[in-house]
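Just so you know, residue 1 is the first one in the sequence shown, and it goes up from there.
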Amino acid sequence: MAAALLLAASPAPAAKAKSEAEAKAELAKVRERIRRITEDVQDDLAKRDSVAAELREADKSVAGARTRLDDVREARTSSEKRREALRAEQARTQAELAQVRDALAAQLRAAYVAGREEQLRVLLNAGDPATLGRMLGYYSYFGRARAANIALIDERMTRLDELDQELAAEEARLAELEQRRRQEVGALDAARDRREKALGTLQT
């Protein structure tokens with residue numbers, strides 16, 4: 001009877017030892033999984049922090065690029081206003097030059113029609129040589145003044161044309177610069193969006 005009881009009781013310690021070994025093995029597996037998950041979480045947190053820092057820098061870059069783009073647009077607006085003012089001044093100068101040339105042409109036609117008779121009449125009507133000298137000086141002075149006035153207006157028109165060309169070149173340069181700034185903003189926006197999506201994925 002005692003032998004039978006001993007035989008019946010002997011498998012229990014072996015089963016218990018096996019159960020404890022299995023529990024330890026399972027516990028080790030769980031701990032390893034916890035360790036790997038912890039490392040993964042820490043890696044993700046590090047990546048998240050890195051991407052968040054990159055996103056902040058991207059925000060600054062986009063803001064800076066937008067400021068530069070706004071500056072170029074303001075410069076283009078100012079340049080266009082200067083060109084408009086210059087065109088108005090050119091129109092006024094052209095009208096002034098046309099009036100001076102018309103007046104001179106009328107005077108030249110009158111002088112041509114009068115011919116030498118006008119000069120003879122001046123000579124005959126002059127009471128003394130001093131009066132004659134003054135009258136001839138008067139005509140000569142007005143002729144030189146008109147010529148100088150026309151030369152001055154021509155010179156001014158030339159300078160206005162040069163300024164217009166300079167402003168046109170500046171406008172073309174600013175237009176190209178604005179195009180590059182827009183592309184820069186677009187590229188930085190796209191890079192920022194990619195970082196924002198990556199950060200959202202890491203946070204999830």
Side-chain angles (χ1 to χ4, degrees), residues 8-96 153 155-204:
S10 61
K16 183 177 180 184
K18 184 179 180 183
S19 175
E20 288 179 0
E22 288 176 352
K24 286 181 180 178
E26 187 65 27
L27 182 59
K29 288 180 182 178
V30 170
R31 283 176 176 165
E32 179 60 21
R33 285 188 61 198
I34 290 173
R35 185 189 65 78
R36 286 200 304 269
I37 291 172
T38 301
E39 287 179 356
D40 290 343
V41 168
Q42 288 174 345
D43 288 343
D44 286 345
L45 288 174
K47 289 178 184 176
R48 185 199 66 182
D49 292 342
S50 175
V51 172
E54 290 176 1
L55 183 59
R56 287 192 296 272
E57 288 301 317
D59 285 336
K60 290 179 183 177
S61 298
V62 170
R66 289 189 186 283
T67 299
R68 290 191 293 274
L69 177 59
D70 290 341
D71 291 342
V72 172
R73 285 174 173 165
E74 287 178 9
R76 283 194 70 185
T77 301
S78 298
S79 177
E80 184 57 33
K81 286 180 180 177
R82 287 199 301 274
R83 286 198 73 187
E84 288 175 2
L86 184 60
R87 290 190 194 103
E89 187 175 353
Q90 281 178 320
R92 289 192 300 270
T93 304
Q94 285 173 340
E96 184 180 346
I153 292 177
E155 182 182 344
R156 189 176 174 194
M157 285 299 301
T158 300
R159 181 55 186 152
L160 288 174
D161 288 338
E162 290 173 354
L163 286 173
D164 187 52
Q165 291 174 8
E166 290 173 11
L167 287 171
E170 181 185 3
E171 172 65 20
R173 182 186 66 81
L174 289 172
E176 182 182 355
L177 183 58
E178 182 180 354
Q179 176 64 23
R180 290 204 302 269
R181 290 287 182 259
R182 280 201 301 266
Q183 290 173 349
E184 179 186 11
V185 169
L188 289 172
D189 264 334
R192 184 201 170 281
D193 289 344
R194 287 194 297 273
R195 288 182 175 89
E196 190 173 29
K197 287 177 183 176
L199 181 61
T201 300
L202 288 170
Q203 285 175 335
T204 302

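In this structure, CD in Glu155 is found 11.0 Å from CG in Leu160, a value given to the nearest 0.5 Å. Rounding to the nearest 0.5 angstrom, the gap separating the CG atom in Asp71 from the CD atom in Glu178 is 11.5 Å. Note: Lys81 NZ to Ser78 OG = 6.5 Å, rounded to the nearest 0.5 Å. To the nearest 0.5 Å, the span separating CG on Leu199 from CZ on Arg192 amounts to 10.0 Å. To the nearest 0.5 Å, atoms CG (Leu177) and CD (Glu184) are separated by 9.5 Å. To the nearest 0.5 Å, atom CZ of residue Arg194 and atom CG of residue Asp189 are 11.0 Å apart.
Using a 4.0 Å cut-off between charged nitrogen and carboxylate oxygen, Arg159 and Glu166 count as a salt-bridge pair. A salt bridge is defined here as a Lys NZ or Arg NE, NH1 or NH2 lying under 4.0 Å from an Asp or Glu carboxylate O, and Glu32 with Arg36 meets this definition. Using a 4.0 Å cut-off between charged nitrogen and carboxylate oxygen, Arg87 and Glu80 count as a salt-bridge pair. The pair Glu96-Arg92 does not count as a salt bridge, with every side-chain nitrogen at least 4.0 angstrom from each carboxylate oxygen. Taking a cutoff of 4.0 Å between a charged side-chain nitrogen and a carboxylate oxygen, Arg83 and Glu171 do not qualify as a salt bridge. Between Glu20 and Lys24 there is no salt bridge, since no side-chain nitrogen of the basic residue lies less than 4.0 Å from a carboxylate oxygen of the acidic one. Between Asp59 and Arg195 no salt bridge is recorded (no basic side-chain N to carboxylate O distance below 4.0 Å).
Few gaps surround CZ on Arg35; more than 12 heavy atoms of other groups in view lie less than 6.0 Å from it.
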Take Asp193 and Glu196, measure what side chain to side chain contact (heavy atoms under 4.5 Å, CB included) needs, and give me the verdict at the end. CA-CA 5 Å; Asp193 289 344; Glu196 190 173 29; 4.1 Å; yes
Worked verdict on Asp161 versus Gln90 for side chain to side chain contact (heavy atoms under 4.5 Å, CB included): CA-CA 8 Å; Asp161 288 338; Gln90 281 178 320; 3.2 Å; yes
Using side chain to side chain contact (heavy atoms under 4.5 Å, CB included), reason through Arg181 and Arg73 one step at a time and then give a plain yes or no. CA-CA 10 Å; Arg181 290 287 182 259; Arg73 285 174 173 165; over 6 Å; no
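Taking both residues in full, the closest heavy atoms of Ser79 and Leu174 are given as CB-CD1, 4.1 Å, listed atom of the first, atom of the second, then distance. Heavy atoms only, all atoms of each residue included: Ala65 and Leu188 are closest at CB-CD1, 3.6 Å.
Put simply, the side chain of Ser50 never gets that close to the backbone of Ala46: no donor and acceptor are under 3.5 Å apart.
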